[in-house]
Amino acid sequence: MNLTLSARLPFSFLSVVNSHGWVQLSPFRFDKETETLSYIFRLESGRVVELRLRSAAGGVRVEVAGALSAAECGEVKRAVAWMLGLDMDFSEFYALARDELKLAQAEKKAQGRVLRSPTFFEDVVKTILTTNTLWGATKRMTANLVTQFGEPLPTLNRSPDAEHTEAKGADEGRRAFPTPQRLAGTTEAVLRAETRLGYRAPYVHQLAVRAASGELDLETFKHSDLQTLELRKQLMKIKGIGAYASANLLMLLGRYDFLTIDTWAFKIVSHEWYGSQPIGPAEVEARFEKWGKWKGLAYWFWDWSYKG
DNA sequence: GGTAGACCTGGACGC
DNA sequence: GCGTCCAGGTCTACC
């Protein structure tokens, strides 16, 4: 079944896909040859399907193996619209960016949207897994979670392309991101020792338990009316979510008032303005203060001199 | 409110 | 192959 969804323009499918590292985290997968983004999606009914997304005129084309009911079709549309931020409006940011050489490409490249997971639970877990570790370990921990606790994609729901890939021995079987219920049903000890989450295990387990019990409804964060500062406070009540992680989650929610300041930020900002001398958060903040509620985007899409 | 130390893993390095 | 060091954010205890 194929669907075509339109986006608020300007829109670039590849800009969203390449906006940050999420595309490298399971159950996302990107094929550079065909420029196809694959995501293993668990429908509310429990059915697991593969979404294959490609650029289309004015939006995105969604391919799903097999037929979908009207309700499932609506669910897929809502999920993809959220994942790619199809309705998001960055005209105010672009108007400001036109006067800044380092952001001159932002509008032309349709930058601003960042790739998101269908559920906020998945994005919170993945964000916890980015803290205090190297990117390679984040990818490994996420893959372990999906492999050990995700529901498998049935063979009949795999696209012909995916089967071809498996035939080449490059695909060991795909799974959806685990539900809160599934993770709540395991133990901290298993998450620590077998999934190799280390000290993050109790954070992820507690989050799953709270989400599964209904005590914490993470989906309400997506459309919250709270001021960003209050929303940040709510996020930081989640164990394992500190200043950096909350800023990352706020950006995923379309709030850009806080900077995702990590050790990489110190490196690139220092190289840009402070002669590579040691700096702290205050120096990073000072350089982006003038961007106000768009500071997070200005920082994220800045054309940095330091390329690593 | 600010600070120090602990948390845990995997990669880099020296022997 | 083994041991040691280090990077990476957040939490907790303490001041």
Side-chain angles (χ1 to χ4, degrees), chain A residues 20-26 114 116-117 120-149 178 180 183 186-211 215-216 218 221 228-253 255-272 274 276-289 295-296 299-300 304 306-308:
Chain A
H20 64 147
W22 253 218
V23 67
Q24 299 172 33
L25 299 180
S26 187
V114 288
R116 311 188 269 210
S117 306
F120 195 50
F121 171 74
E122 181 175 335
D123 277 338
V124 175
V125 171
K126 285 177 173 175
T127 298
I128 290 173
L129 300 187
T130 66
T131 61
N132 201 24
T133 193
L134 303 177
W135 182 244
T138 298
K139 290 197 285 186
R140 188 164 38 249
M141 287 186 276
T142 307
N144 288 346
L145 266 183
V146 171
T147 302
Q148 294 172 18
F149 303 103
L183 292 181
T186 187
T187 64
E188 280 182 29
V190 169
L191 291 174
R192 184 187 296 266
E194 294 181 26
T195 317
R196 311 299 289 172
L197 302 191
Y199 72 91
R200 301 167 198 81
Y203 301 156
V204 171
H205 189 255
Q206 186 187 84
L207 178 71
V209 168
R210 294 179 68 200
E215 177 202 333
L216 181 64
L218 289 165
F221 281 82
T228 305
L229 191 59
E230 182 55 34
L231 198 55
R232 180 175 186 261
K233 287 180 183 172
Q234 297 296 320
L235 287 169
M236 290 182 73
K237 285 181 181 175
I238 300 171
K239 292 284 185 189
I241 300 297
Y244 158 79
S246 61
N248 187 60
L249 289 170
L250 285 172
M251 188 163 79
L252 291 171
L253 292 171
R255 312 282 190 112
Y256 314 107
D257 315 47
F258 291 87
L259 297 172
T260 50
I261 300 176
D262 55 7
T263 51
W264 180 251
F266 296 140
K267 190 172 292 185
I268 57 179
V269 171
S270 178
H271 185 270
E272 193 85 2
Y274 297 96
S276 297
Q277 295 300 305
I279 61 170
E283 285 79 9
V284 179
E285 289 284 350
R287 288 294 168 177
F288 287 92
E289 202 55 48
K295 68 164 82 164
Y299 165 78
W300 199 254
W304 297 100
Y306 187 83
K307 305 297 182 187

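The structure presented is a predicted model; accordingly, all values stated were derived computationally and were not measured. All heavy atoms count here, side chains included; hydrogens, waters and symmetry mates do not.
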Collect all protein-nucleotide pairs involving nucleotides 12-15 of chain C in which both atoms are nitrogen or oxygen and the distance is under 3.5 Å.
unit_1 : atom_1 : unit_2   : atom_2 : d
C:dT12 : OP1    : A:Lys239 : NZ     : 2.8
C:dT12 : OP2    : A:Lys239 : NZ     : 2.9

* Asked: Which listed nucleotide (C:dT10, B:dG11, C:dG9) is nearest to the side chain of A:Ala245?
  ->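 Of all the options, the side chain of A:Ala245 is nearest to C:dT10.
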In whole angstroms, how far is the [atom2] atom of [N] from the [atom1] atom of [X]?
{"X": "A:Leu259", "N": "C:dG9", "atom1": "CG", "atom2": "P", "value": "14 Å"}
{"X": "A:Arg140", "N": "C:dG8", "atom1": "CZ", "atom2": "P", "value": "16 Å"}
{"X": "A:Met141", "N": "B:dT9", "atom1": "CE", "atom2": "P", "value": "10 Å"}
{"X": "A:Glu188", "N": "B:dC8", "atom1": "CD", "atom2": "P", "value": "11 Å"}
{"X": "A:Ile128", "N": "B:dC7", "atom1": "CD1", "atom2": "P", "value": "20 Å"}
{"X": "A:Asn144", "N": "B:dT9", "atom1": "CG", "atom2": "C1'", "value": "12 Å"}
{"X": "A:Asn248", "N": "C:dG8", "atom1": "CG", "atom2": "P", "value": "16 Å"}

Measure the [atom1]-[atom2] distance between [X] and [Y] for me, rounded to the nearest 0.5 Å.
{"X": "A:Leu229", "Y": "A:Gln234", "atom1": "CG", "atom2": "CD", "value": "11.0 Å"}
{"X": "A:Leu207", "Y": "A:Lys239", "atom1": "CG", "atom2": "NZ", "value": "13.0 Å"}
{"X": "A:Leu183", "Y": "A:Phe121", "atom1": "CG", "atom2": "CZ", "value": "5.0 Å"}
{"X": "A:Leu129", "Y": "A:Thr142", "atom1": "CG", "atom2": "OG1", "value": "4.5 Å"}

[X] (side chain) donor-acceptor with [Y] (main chain) under 3.5 angstrom:
{"X": "A:Glu289", "Y": "A:Ala286", "value": "no"}
{"X": "A:Tyr256", "Y": "A:Trp300", "value": "no"}
{"X": "A:Thr130", "Y": "A:Thr127", "value": "yes"}
{"X": "A:Ser270", "Y": "A:Pro278", "value": "no"}
{"X": "A:Arg200", "Y": "A:Thr131", "value": "yes"}

* In residues 130-139 of chain A, which ones come under 4.0 Å of DNA chain C, going by heavy atoms? ->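 Listed by number, they are A:Thr131, A:Asn132, A:Thr133.
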* **No-hydrogen, no-angle side-chain donor-acceptor test under 3.5 Å, A:Asp123 and A:Ser117** =>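 A donor-acceptor contact under 3.5 Å links the two side chains.
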* Stepwise side-chain hydrogen bond (donor to acceptor under 3.5 Å, both in side chains) test for A:Thr195 and A:Asn144 -> CA-CA 5 Å; A:Thr195 317; A:Asn144 288 346; over 6 Å; no
* **Contact residues, residues 191-209 of chain A to DNA chain B [heavy atom, < 4.0 Å]** =>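 When residues 191-209 of chain A is checked for heavy atoms under 4.0 Å from DNA chain B, the hits, listed by number, are A:Arg192, A:Arg196, A:Gly198, A:Tyr199.
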* What residues form a side chain to side chain donor-acceptor pair (under 3.5 Å) with A:Glu215, not counting sequence neighbours? -> A:Arg210
* Asked: Which angle, to the nearest 10 degrees, lies between the helix axes at the two ends of the helix from B:dG1-C:dC15 to B:dC15-C:dG1, each defined by five pairs?
  ->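 The helix from B:dG1-C:dC15 to B:dC15-C:dG1 shows an end-to-end axis angle of 30°.
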* Asked: What is the nucleic acid contact for A:Leu129, judged by heavy atoms within less than 4.0 Å: base, sugar-phosphate only, or nothing?
  -> nothing
* **Check: A:Tyr306 ring centroid to A:Trp264 ring centroid under 6.0 Å** =>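 Ring centres of A:Trp264 and A:Tyr306 closer than 6.0 Å.
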* So A:Trp22 and A:His20, would you call those rings parallel, tilted or perpendicular, with 30° and 60° as cut-offs? -> parallel
* Mind telling me whether A:Phe288 and A:Tyr299 have parallel, tilted or perpendicular rings, with 30° and 60° as the class edges? =>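 The arrangement is perpendicular - the two ring planes meet at more than 60°.
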Scan nucleotides 2-6 of chain C against the protein and return all N/O pairs shorter than 3.5 Å with their distances rounded to 0.1 Å.
none

* Using 4.0 Å as the upper bound for N to carboxylate O, is an ion pair formed by A:Glu285 and A:Lys295? ->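 Yes.
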